[in-house]
Amino acid sequence: MATVVSRFAPSPTGYLHVGGARTALFAWLLARHAGADGKFLLRIEDTDAARSTEQATTQLLEDLRWLGLHWDNAELVHQSKRKDVYNAIIDSLIAQNLAYKAYDTREELDALRKIAEKEKRQFIYRRREISGDERQKFEAEGRPAVVRFAMPVKEYRFHDAVLGEIVLPADEVQDFVIRKEDGMPTYHFAVVVDDAEMGVTHILRGQEHTKNTFLHIALQDALGYARPVYGHLSTILNLDGSKMGKRDRDKKIRQAAQLWLKNPPHSLDALASACGFAPPRLEQWLKDSKQQLDLPEQSAVMHAIGLAESDLPEILVHDFRKKGYIPEALLNFLALLGWNPGGDKELMSMDEMQKLFSIEGIGKSNAKFDRSKLLAFNTQHGERTPAKELVPAFRAYLEVNPDSPLNQATDEQLATLLEMKKGFRLLREVDEASRFLFIPDDAILYDPAAVEKVLKKDSAQGLSVLRDLHTLLVAQTDFSHTALEQTIQTYGEQKQLGLGKIAQPLRVAVTGNTISPPIFQSLEMLGKDRTLARIERCLRTAV
RNA sequence: GGCCCCGUCGUCUAGAGGCCUAGGACACGGCCCUUUCAAGGCCGCGACACGGGUUCGAAUCCCGUCGGGGUCACCA
């Protein structure tokens with residue numbers, strides 16, 4: 001089998017979002033499919049100092065680890081640290097006259113673009129000869145310059161592994177910037193050099209890069225690099241057809257904030273002080289849909305206007321983790337957005353996906369992200385995976401939900417909980433449904449509607465059942481769920497009561513609510529003392 | 001707007017000229033099971049964007065129309 005070296009090369013501007021996750025997954029799958037001959041590399045594209053942050057890199061790695069998309073290069077490649085490498089190559093390109101310094105100011109370029117636009121033609125940048133005098137003058141006055149690659153004017157074509165033959169006619173060829181004024185290479189230059197140096201053979205990336213590929217192959221030709229296999233992936237869209245982006249969360253918060261300001265009327269200053277913002281900053285954000293808040297700012301605003309995390313669309317990998325998705329399920333779902341192994345196969349383990357993956361199976365058309373299908377996938381993965389194996393995912397969930405009392409639980413307990421709630425849709429459901437087991441007895445809050453319906457109605461039949469049960473359970477020595485069920489079954493037969501009439505009062509007494517994991521197992525886990533304590537407290541205080 | 005890509009149920013898709021009165025999954029509706037919530041079982045609803053060709057025969061090939069996406073940076 002031929003060697004496959006694929007890579008994922010994100011720019012660190014925040015948490016990983018699902019589109020990026022899918023790109024990473026495909027590249028990972030491609031490498032893993034090749035087994036021992038495959039490598040998956042990770043590189044950080046941080047040539048844009050203004051947008052890249054250290055923190056974002058950390059988050060990115062964390063997300064990738066959570067997904068289980070492990071990379072094979074021990075040492076992470078940061079483009080920002082390779083400036084000298086790039087510049088040496090750029091200088092040699094200049095020496096060979098394959099690249100040149102261009103002194104146009106941004107204003108000049110803008111003006112040229114405007115003119116082109118007015119004349120309804122495309123702006124094409126080609127080398128503009130300047131006299132030696134002029135050059136000297138520019139250099140003397142220290143006029144800033146970029147370096148452009150002198151792209152040979154000819155037709156370019158390449159075979160895209162997913163899209164097929166792609167052509168760029170010669171009249172669209174132009175000289176593009178490879179070194180910015182600040183001395184950093186542009187993305188186009190850095191990718192080409194790094195992919196070559198890292199020995200990358202397969203590049204899977206978003207469709208927005210399709211046309212960039214011509215620039216990259218021109219550079220490869222000039223530098224004598226081999227041309228890797230390219231495959232451009234379709235875009236993931238929202239259900240309404242809009243592009244699924246990190247901004248969607250921001251958008252939702254902005255809408256909610258505007259609504260909050262309107263009815264009932266609140267002042268901008270009130271909101272600003274509630275979330276600790278300077279009013280002008282807040283106002284700007286509210287008006288300008290291009291502005292974005294960072295994560296802490298978002299939660300400050302959400303807190304101020306009473307918007308819950310669960311009201312926001314999940315976009316970032318982190319959101320899905322926090323919500324209680326299992327990484328394998330997310331990955332399985334993502335994989336099927338634009339790829340399928342052919343036939344009816346849908347539910348797959350990571351191993352199966354690795355085995356079945358191929359570039360040929362990648363589709364060309366955009367896919368809409370349907371969360372309800374993802375939810376179903378999560379449910380099915382949860383169901384088919386043994387509870388024990390789900391514990392790490394549950395832990396990872398709890399890690400980002402530090403407020404959950406389940407953080408106190410042992411792994412064994414978590415496994416039991418998972419087992420009890422088999423059929424759960426989200427880990428969050430297991431969490432929320434089990435919290436009653438990990439809070440103090442006197443912290444149970446009785447839902448008034450539940451008390452009314454289950455305990456008080458029908459001349460307080462529920463209450464009298466509860467008193468009977470208390471007596472029975474005091475005498476109960478074996479508190480295993482099977483023994484408990486036995487006892488209560490017998491009681492029901494004697495009283496001619498269906499299990500519902502007995503289980504529900506018990507549920508309310510122990511959990512405060514009408515919804516819980518299976519009741520007998522819950523009682524077993526709670527233990528005799530706490531069960532009795534809760535029944536007593538309920539009889540005493542709930543009515 | 002120029003250029004590039006795409007177009008099968010509401011959604012993800014199977015389909016590579018006859019196997020298609022178009023298959024699966026999710027969602028939705030109904031029924032069943034049930035100690036709650038789920039899960040599960042069964043049944044149902046539901047698509048080849050449109051118009052022309054080519055062919056004995058087209059969801060599959062060609063052309064056009066329409067629709068969607070991408071891209072036109074010293075951002076990646």
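Below, all heavy atoms of this structure are taken into account, side chains as well, without hydrogens, waters or symmetry copies. Remember, it's a predicted structure, so these values are computed and weren't measured experimentally. Residue numbering restarts at 1 for every chain, and letters A, B, ... go by the order of the sequence lines.
Under 3.5 Å, the side chain of A:Lys373 and the base of B:C12 form at least one donor-acceptor pair of N or O atoms. One N or O donor and one acceptor, one from the side chain of A:Lys211 and one from the base of B:C3, sit under 3.5 Å apart. Applying the 3.5 Å distance criterion, the base of B:C37 shares a donor-acceptor pair with the side chain of A:Lys421.
Here the nucleotide nearest the side chain of A:Glu383, chosen from B:A76, B:U35, B:A39, is B:A39. Each of B:C5, B:C12, B:A27 was ranked by its minimum atom distance to the side chain of A:Gln207; first place goes to B:C5. The side chain of A:Gln504 approaches B:U35 more closely than any other nucleotide in the set B:C74, B:U35, B:U71. Considering only side-chain atoms of A:Glu429, the nucleotide from B:C12, B:A38, B:C37 that sits closest is B:A38. Closest approach to the A:Glu346 side chain among B:U35, B:C12, B:A76 is made by B:C12 (side chain taken as heavy atoms from C-beta onward). Taking the side chain of A:Arg51 as heavy atoms from C-beta on, and the options B:C74, B:U36, B:C75, the nearest nucleotide is B:C75. For A:Asp370, counting side-chain heavy atoms from C-beta on, the closest listed nucleotide (B:C26, B:G2, B:C74) is B:C26. Ranking B:C74, B:C12, B:C3 by closeness to the A:Leu337 side chain, first place goes to B:C12.
With a 3.5 Å ceiling on both atom-pair distances, the Watson-Crick or G-U wobble partner of B:C72 is B:G1. The pairing partner recorded for B:G44 is B:C28, the criterion being a Watson-Crick or G-U wobble arrangement whose two distances lie under 3.5 angstrom. In this structure, B:G67 forms a base pair with B:C6, meeting either the Watson-Crick or the G-U wobble geometry with both donor-acceptor distances under 3.5 Å. Checking B:U35 for Watson-Crick or G-U wobble geometry (two distances, each under 3.5 Å) identifies no partner in any strand. The partner of B:C20 is absent, by the rule that a Watson-Crick or G-U pair needs both atom distances under 3.5 Å.
Applying the 4.0 Å criterion to OP1 and OP2 of B:C6, one finds that A:Lys364 has a side-chain N or O inside that range. Regarding contacts with the backbone of B:G68, every side-chain N or O of A:Asn366 stays at 4.0 angstrom or more from both OP1 and OP2. The phosphate of B:A27 has neither OP1 nor OP2 within less than 4.0 Å of any side-chain N or O from A:Arg371. Between A:Arg113 and B:C74 there is a side-chain polar atom (N or O) within less than 4.0 angstrom of OP1 or OP2. Put simply, A:Arg106 has no side-chain N or O that comes within less than 4.0 Å of OP1 or OP2 on B:A73. For A:Lys120 and B:G1, the shortest distance from a side-chain N or O to OP1 or OP2 is not below 4.0 Å. An OP1 or OP2 oxygen of B:A76 is reached within less than 4.0 angstrom by a side-chain nitrogen or oxygen of A:Thr47. At B:C26, one or more side-chain N or O atoms of A:Gln380 fall inside 4.0 Å of OP1 or OP2 (strictly under the cut-off).
For A:Tyr397 and A:Tyr325, the ring centers sit 6.0 Å or farther from each other. Two rings, from A:His209 and A:His232, have their centers 6.0 Å or more apart. A:Trp339 and A:Phe26 have their aromatic ring centers separated by at least 6.0 angstrom. Aromatic ring centres of A:Phe158 and A:Phe214: separated by under 6.0 Å.
Here the separation of B:U8 from B:A49, taken at their P atoms, is 6 Å to the nearest Å. A distance of about 33 Å separates the C1' atoms of B:C26 and B:U65, rounded to the whole Å. B:G41 sits 15 Å from B:G24 when the P atoms are compared, rounded to a whole Å.
The separation between A:Phe123 atom CZ and B:G2 atom C1' is 15 Å, rounded to whole Å. Atom CG in A:Asn340 sits roughly 13 Å away from atom C1' in B:A16 (whole-Å rounding). Look at CD on A:Gln521: it is 15 Å from P on B:U36, rounded to the nearest Å. When rounded to the nearest whole Å, the span between CZ of A:Arg121 and C1' of B:C3 equals 16 Å. Residue A:Ile502 contributes atom CD1, which lies 13 Å from atom P of B:U36 at whole-angstrom precision. Atom CG in A:Leu237 sits roughly 11 Å away from atom C1' in B:G70 (whole-Å rounding). Atom P of nucleotide B:C6 and atom CD of A:Glu165 are separated by 12 Å, given to the nearest angstrom. In this structure, CG of A:Asp195 is placed 15 Å from P of B:A76, rounded to the nearest angstrom.
A:His209 comes within 4.0 angstrom of a nucleotide base, judged by non-hydrogen atoms across all strands. No contact: A:Thr210 has no heavy atom under 4.0 Å from any strand. Looking at heavy-atom distances under 4.0 Å, A:Arg148 makes contact with sugar-phosphate atoms alone, never a base.
If you take CG on A:Leu532 and CD on A:Gln476, they are separated by 10.0 Å, rounding to the nearest 0.5 Å. Distance check: A:Asp46 CG to A:Arg82 CZ gives 11.0 Å after rounding to the nearest 0.5 Å. With values rounded to the nearest 0.5 angstrom, A:Lys323 atom NZ is found 11.0 Å from A:Glu429 atom CD.
Against RNA chain B, the stretch residues 326-335 of chain A makes no heavy-atom approach under 4.0 Å.
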I'd like to know whether A:Arg51 forms a salt bridge (charged side-chain N to carboxylate O under 4.0 Å, His left out) with A:Asp48, so could you lay out the CA-CA distance, the side-chain angles of the two residues, the decisive distance to 0.1 Å, and finally the verdict. CA-CA 6 Å; A:Arg51 297 206 316 165; A:Asp48 185 1; 3.5 Å; yes

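Between A:Asn87 and A:Arg179, the side chains place a donor N or O and an acceptor N or O closer than 3.5 Å (distance only, hydrogens not considered). Side-chain contact of A:Thr482 with A:Ser480: a donor-acceptor pair under 3.5 Å is present, judged by distance alone.
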